[in-house]
Amino acid sequence: MIDSEVYMKTDLDLPGVGREWMTLDPARVPSNFAMSFAPGRNDPGGSARLINAIVTARADGSHLTGTIDLTRVGAGNGINFRPGPDGFPDGARGNAFSATLDADGRLVNFSIPAANGMPNATLRYSDFGAPVDVVRPQGAVAAPDALYPQLGLGG
């Protein structure tokens, strides 16, 4: 995001969507995408969705462990879990997780090991406060109509 312009590029095989830089119309992004385009209100890794799905947690210093209900993670940017044709496996409601905080109490790692028929997933944050030089991608095209419903990941 640069000023009020929003850009996206994906390496996923999304039907009707290329792999070049695209400009998005924020008004067309599904509300369940869990990403705000308001300055300072972004959760690019989707960590809030993970935290809201925690069932139990135990802290031992900067290390946290517990269980997470993967059926409550929902769709959005970052880690996603989608039900299979028969829904989620029974154990998905109490899957293990671990997380690590840095010395300032910031989330730096959130890991969900593969179990109960669900894949593993890891989210990492680093370089807090590091300066970032953002430039507009050259040759960006308007995002095709086919992209917007797929941002909701079928949810």
Side-chain angles (χ1 to χ4, degrees), residues 1-70 72-82 95-115 118-155:
M1 181 172 188
I2 300 174
D3 297 324
S4 63
E5 298 168 347
V6 180
Y7 298 92
M8 178 180 172
K9 183 177 182 179
T10 182
D11 289 331
L12 299 175
D13 291 321
L14 301 175
V17 178
R19 294 184 180 208
E20 65 273 350
W21 278 104
M22 300 172 280
T23 57
L24 296 179
D25 177 355
R28 294 189 62 195
V29 175
S31 61
N32 65 349
F33 190 55
M35 183 177 213
S36 168
F37 295 112
R41 303 212 24 130
N42 236 331
D43 182 9
S47 58
R49 291 182 299 104
L50 297 173
I51 292 167
N52 290 334
I54 291 175
V55 177
T56 66
R58 181 174 160 257
D60 183 8
S62 63
H63 190 72
L64 294 91
T65 56
T67 58
I68 184 169
D69 182 346
L70 300 179
R72 291 179 27 205
V73 171
N77 49 317
I79 294 173
N80 294 280
F81 293 98
R82 295 175 65 178
N95 213 89
F97 82 90
S98 66
T100 306
L101 307 177
D102 69 6
D104 292 321
R106 298 176 295 211
L107 178 66
V108 292
N109 186 48
F110 195 103
S111 297
I112 302 168
M118 300 300 290
N120 70 314
T122 301
L123 177 66
R124 291 187 185 96
Y125 291 103
S126 62
D127 298 329
F128 300 101
V132 178
D133 188 22
V134 179
V135 296
R136 284 178 173 77
Q138 291 185 354
V141 299
D145 290 341
L147 173 69
Y148 295 98
Q150 294 179 76
L151 291 178
L153 302 170

Pairwise distance CG(Leu70) to CG(Leu50) - rounded to 0.5 angstrom: 9.0 Å

Looking at CG of Leu101 and CG of Asn109, how far apart are the two atoms once the value is rounded to the nearest 0.5 Å? 10.0 Å

Does NZ or CZ of Arg106 fall inside the cone over Phe128's six-membered ring, less than 6.0 Å from its centre and within 45° of the axis? yes

Side chains of Met118 and Ile112 in contact at under 4.5 Å (non-hydrogen atoms): no

Smallest heavy-atom separation, Thr23 atom then Ala142 atom, equals OG1-CA, 3.5 Å

Is there a donor-acceptor contact under 3.5 Å linking the side chains of Thr122 and Asn120? no

Tightest non-hydrogen contact, residues His63 and Thr100, listed as ND1-OG1, 3.7 Å

Does Arg124, at its CZ atom, have more than 12 non-hydrogen atoms belonging to other residues, nucleotides or ligands within less than 6.0 Å? no

How are the rings of Phe110 and Phe97 set to each other: parallel, tilted or perpendicular (split at 30° and 60°)? parallel

Residue pair Asp60 / Thr65, side-chain heavy-atom distance below 4.5 Å: no

Flag if over 12 foreign heavy atoms under 6.0 Å of CG, Asp127: no

Answer yes or no: is there a side-chain heavy-atom contact under 4.5 Å between Val73 and Ile68? yes

Tightest non-hydrogen contact, residues Gly74 and Arg49, listed as O-NH1, 2.8 Å

